[in-house]
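The structure displayed is predicted, hence computed values, not measured ones.
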Amino acid sequence: MYNEKKLHPITLVTAAYSRLISFIWPIVFFAFSSYRLDGFGLILTLLSVTVFGLVYLADVLRFLRTSYWIEGNRFVVKSGLFVQKEKDVQITRIQSIDYSEDLIHRFFNATKLEIKTPGKGLVLDALSKESALQLANQLHFLKETFLVSERKRTAEPQIDRHSGFSLQKVGVTRTVYTMSLVDILKMNLMGGSVLKGFIVLVGAVNIFGELIPDTLFDQAGTLVSQTAIVSILLISVGVFLLLYLIGSVLSIIKNFEYKVDVTNNYLTVEKGLLEVKSQTIALANIQSVWEEQNRLQKLAGYTTFSVGITSDEKVTDKNDTSGDSEKGKIVLLPLVKKKQLAALRAEIVPQFICQPAQPVVPIRSWRRFVQFPLLLWIGLSALVSYFLWPFAWIIGAAMSLLTLLYGYRSYKKTGYSLSEEEVTFHLPKFISTETVYLRRDRILNLTVKQTPFLKKSHLGKVEVSSALGDSAQVKQLSFIEEADCERIFDWFLTTERSQEYGVGNKDSSTSIEVMAHSRVHE
């Protein structure tokens with residue numbers, strides 16, 4: 001057993017910084033609103049400050065009662081406010097040791113370590129860089145030593161003594177993808193930076209609206225009513241540029257010096273300006289990959305590439321370093337040229353073939369994509385027009401037209417392809433399309449669905465689920481030929497698992513239900 005060690009005292013500063021970020025907005029809001037709340041705002045301000053002090057006091061006590069050590073094949077962290085509890089991970093199951101450094105960490109030459117395994121993760125905030133590097137190296141050394149011992153090898157173990165917190169090694173690590181400032185600006189122009197900027201602007205107006213005099217709003221309304229159409233268009237363009245600037249600044253702060261490195265069987269993603277983050281991904285942990293492309297990206301010849309992994313259980317630290325849009329999904333290449341993707345994909349995820357999909361939806365199926373949404377919009381707009389607002393039918397007509405367009409896109413774009421060990425799904429979304437690549441051995445469940453009406457038309461749906469994060473993702477091919485459903489189902493059955501159940505062909509209906517878990521006839 002190694003001696004117990006304490007966190008760096010800088011933890012108290014980082015905890016205060018995190019708590020202050022959480023409490024600063026209500027404190028500022030109540031402070032500036034006190035004159036409108038007849039003094040009650042002052043009470044709320046003092047109450048917020050008191051709660052902040054009590055919460056931070058709990059953080060101080062928790063820091064004093066936190067320690068960590070290595071014991072055999074276990075890395076243990078003991079902490080607790082009143083009752084101390086021990087959390088541990090098996091060293092041989094550690095998948096990655098990631099780090100992140102915000103402004104406070106960097107100012108005090110400290111870092112935050114996140115130790116990840118398939119089951120759970122541990123966070124140490126904060127350690128000095130020297131202590132963090134020493135701990136990371138020690139854990140990697142012990143992991144390799146234990147694994148060699150378990151395999152009973154007689155040769156001298158090759159210890160991975162790397163120079164960083166990930167698995168990077170000089171002469172082995174290679175950078176396969178980087179993003180410049182121009183790339184980040186392009187990404188935001190083709191993505192949702194304007195929407196993000198709009199949300200920030202609306203939030204700022206809601207928070208600080210009380211500080212803006214009412215006469216200013218009245219003057220703005222009068223100016224708009226007296227302004228020519230050309231001037232209004234210029235103002236709209238100016239607002240668009242402002243929102244784009246806000247979104248771009250936020251994205252640059254998050255994705256500054258974005259790069260993807262490959263080291264043996266691991267990927268490392270590093271990024272960040274104010275807070276530098278590093279995340280390591282084991283290739284063996286990747287469950288699925290997919291490409292997403294909206295219409296602007298398609299016109300410009302760009303696309304986005306993501307991977308899905310099984311991830312740890314949610315850690316108590318809310319400052320997760322992954323930065324994923326959803327648990328288990330990692331946008332690996334935020335913006336990449338379509339013609340360059342195939343070469344990068346082969347280098348980053350060589351275990352995936354990524355065969356292109358072919359459209360398969362028959363023409364008799366296209367109405368099924370729109371009939372129920374169309375009836376919903378027509379009925380809803382008719383009711384609202386009759387009882388509440390006579391012009392609601394205009395909105396209903398617009399949404400019905402969009403529904404028809406989306407249904408036609410779904411009919412034209414939905415497709416799949418099969419290789420020996422992999423299936424490709426091409427699925428349209430409202431303003432984009434996604435192409436999902438799934439290996440057969442990573443599919444958790446495959447279900448063929450048929451309603452009586454679909455069975456009569458010899459159509460069906462295929463639903464596939466695979467692990468994503470701490471749960472699963474579900475992808476569905478809708479309204480395809482019954483023969484295609486059977487083909488995909490038979491392809492899925494040709495696995496070692498099918499042999500365990502004695503499945504030899506598609507006529508083994510009982511075994512098919514076991515394998516697919518639900519060959520549902522709705």
Side-chain angles (χ1 to χ4, degrees), residues 190-192 195 288 290-300 302-304 306 325-326 338 355-386 389 391-418 423-438 446-465 473-489 520-522:
M190 301 175 195
L195 178 60
S288 58
W290 63 92
E291 175 189 347
E292 295 176 275
Q293 187 181 51
N294 61 39
R295 298 190 180 186
L296 285 177
Q297 289 176 331
K298 186 174 182 179
L299 289 174
Y302 287 93
T303 188
T304 300
S306 306
S325 57
E326 60 182 287
K338 176 72 175 179
Q355 182 173 304
Q358 301 297 326
V360 293
V361 178
I363 191 171
R364 67 182 187 276
S365 293
W366 89 267
R367 65 176 179 84
R368 300 178 184 274
F369 288 99
V370 301
Q371 55 190 9
F372 290 114
L374 200 60
L375 290 174
L376 174 64
W377 283 115
I378 292 175
L380 188 61
S381 60
L383 290 174
V384 175
S385 297
Y386 184 79
W389 185 42
F391 298 103
W393 66 270
I394 299 176
I395 298 177
M399 297 307 299
S400 297
L401 179 60
L402 292 176
T403 299
L404 288 171
L405 293 175
Y406 175 61
Y408 181 74
R409 286 188 70 246
S410 300
Y411 151 67
K412 294 292 289 185
K413 300 292 185 180
T414 299
Y416 80 96
S417 68
L418 293 176
V423 63
T424 303
F425 279 10
H426 189 68
L427 306 171
K429 295 183 177 180
F430 189 70
I431 59 174
S432 64
T433 57
E434 68 172 0
T435 306
V436 185
Y437 306 97
L438 293 166
L446 188 146
T447 306
V448 175
K449 297 183 178 181
Q450 259 188 332
T451 64
F453 295 104
L454 292 179
K455 188 174 181 64
K456 184 178 180 181
S457 301
H458 301 288
L459 300 173
K461 301 178 182 179
V462 175
E463 190 175 271
V464 174
S465 63
Q473 64 171 339
V474 178
K475 301 297 180 182
Q476 179 175 275
L477 282 175
S478 299
F479 311 125
I480 63 176
E481 293 281 9
E482 188 177 60
D484 287 311
C485 294
E486 293 179 355
R487 181 186 177 213
I488 297 173
F489 198 80
V520 180
H521 297 274
E522 300 175 327

Flag if over 12 foreign heavy atoms under 6.0 Å of NZ, Lys413: no
Run Ser400 and Ile378 through side-chain contact (heavy atoms from CB on, under 4.5 Å) and show every step you take. CA-CA 7 Å; Ser400 297; Ile378 292 175; 4.0 Å; yes
Roughly how far, to the nearest 0.5 Å, is OG1 of Thr403 from CE of Met399? 5.5 Å
Out of the candidates Lys461, His458, Glu482, only one should pair with Gln450 under the side-chain contact (heavy atoms from CB on, under 4.5 Å) rule; please name it. Glu482
With sequence neighbours excluded, residues passing side-chain contact (heavy atoms from CB on, under 4.5 Å) with Thr303: Glu291, Gln293, Val336, Lys338, Leu341
Residues which pass side-chain hydrogen bond (donor to acceptor under 3.5 Å, both in side chains) with Thr435, listed by chain and number, not counting sequence neighbours: His426
Between CG of Leu380 and CG of Leu375, what distance do you get to the nearest 0.5 Å? 12.0 Å
Which value, rounded to the nearest 0.5 Å, describes the distance between Lys298 atom NZ and Asn294 atom CG? 11.0 Å
Partners passing side-chain hydrogen bond (donor to acceptor under 3.5 Å, both in side chains) against Ser288 (at least two apart in sequence or in another chain): Gln473
Partners meeting side-chain contact (heavy atoms from CB on, under 4.5 Å) with Pro362 (sequence neighbours left out): Arg364, Ser365, Leu459, Glu481
What pairs with Ser465 under side-chain hydrogen bond (donor to acceptor under 3.5 Å, both in side chains), at least two apart in sequence or on another chain? none
Strictly under 6.0 Å, is that where the ring centroids of Phe479 and Phe369 end up? yes
Check this for me: Ile431, atom CD1, are more than 12 non-hydrogen atoms of other residues, nucleotides or ligands nearer than 6.0 Å? no
From Phe425 CZ over to Leu477 CG, what is the distance, rounded to the nearest 0.5 angstrom? 4.0 Å
Report the C-alpha separation of Phe489 and Leu446 in whole Å, then their side-chain angles, then the decisive distance to 0.1 Å, and conclude whether the side-chain contact (heavy atoms from CB on, under 4.5 Å) test is met. CA-CA 7 Å; Phe489 198 80; Leu446 188 146; 3.3 Å; yes
Over 60° means perpendicular and under 30° means parallel, so tell me whether Phe430 and Tyr406 are parallel, tilted or perpendicular. tilted
What's the spacing between Trp389 CH2 and Ile395 CD1 if we round to 0.5 Å? 4.5 Å
Qualifying side-chain hydrogen bond (donor to acceptor under 3.5 Å, both in side chains) pairs, either residue in residues 368-385, two or more places apart: Arg367-Gln371, Arg368-Ser457
Could I get the full list of side-chain contact (heavy atoms from CB on, under 4.5 Å) partners for Lys412, not counting sequence neighbours? Tyr408
Would Val436 and Val423 count as a side-chain contact (heavy atoms from CB on, under 4.5 Å) here? Give the steps. CA-CA 8 Å; Val436 185; Val423 63; over 6 Å; no
Quick one: are Arg409 and Thr433 in side-chain contact, heavy atoms under 4.5 Å? yes
Arg487: partners by side-chain contact (heavy atoms from CB on, under 4.5 Å), with sequence neighbours left out: Tyr416, Leu418
Return the set of residues passing ring-ring contact (aromatic ring centres under 6.0 Å, His included) with Tyr437 (not counting sequence neighbours), or none when no residue passes. none
With Lys429, which residues qualify under salt bridge (Lys or Arg N to Asp or Glu O under 4.0 Å), at least two apart? Glu292, Glu434
With the side chain counted from C-beta on, respond yes when Val361 and Trp366 share a heavy-atom pair under 4.5 Å apart, and no when they do not. no
For Ala357 versus Thr424, what's the shortest heavy-atom pair and its separation? CB-CG2, 4.0 Å
With sequence neighbours left out, the residues meeting side-chain hydrogen bond (donor to acceptor under 3.5 Å, both in side chains) with Tyr302 are Lys186
Closest approach of Met190 to Ala300 (non-hydrogen atoms, all atoms of both residues): CE-CB, 3.5 Å
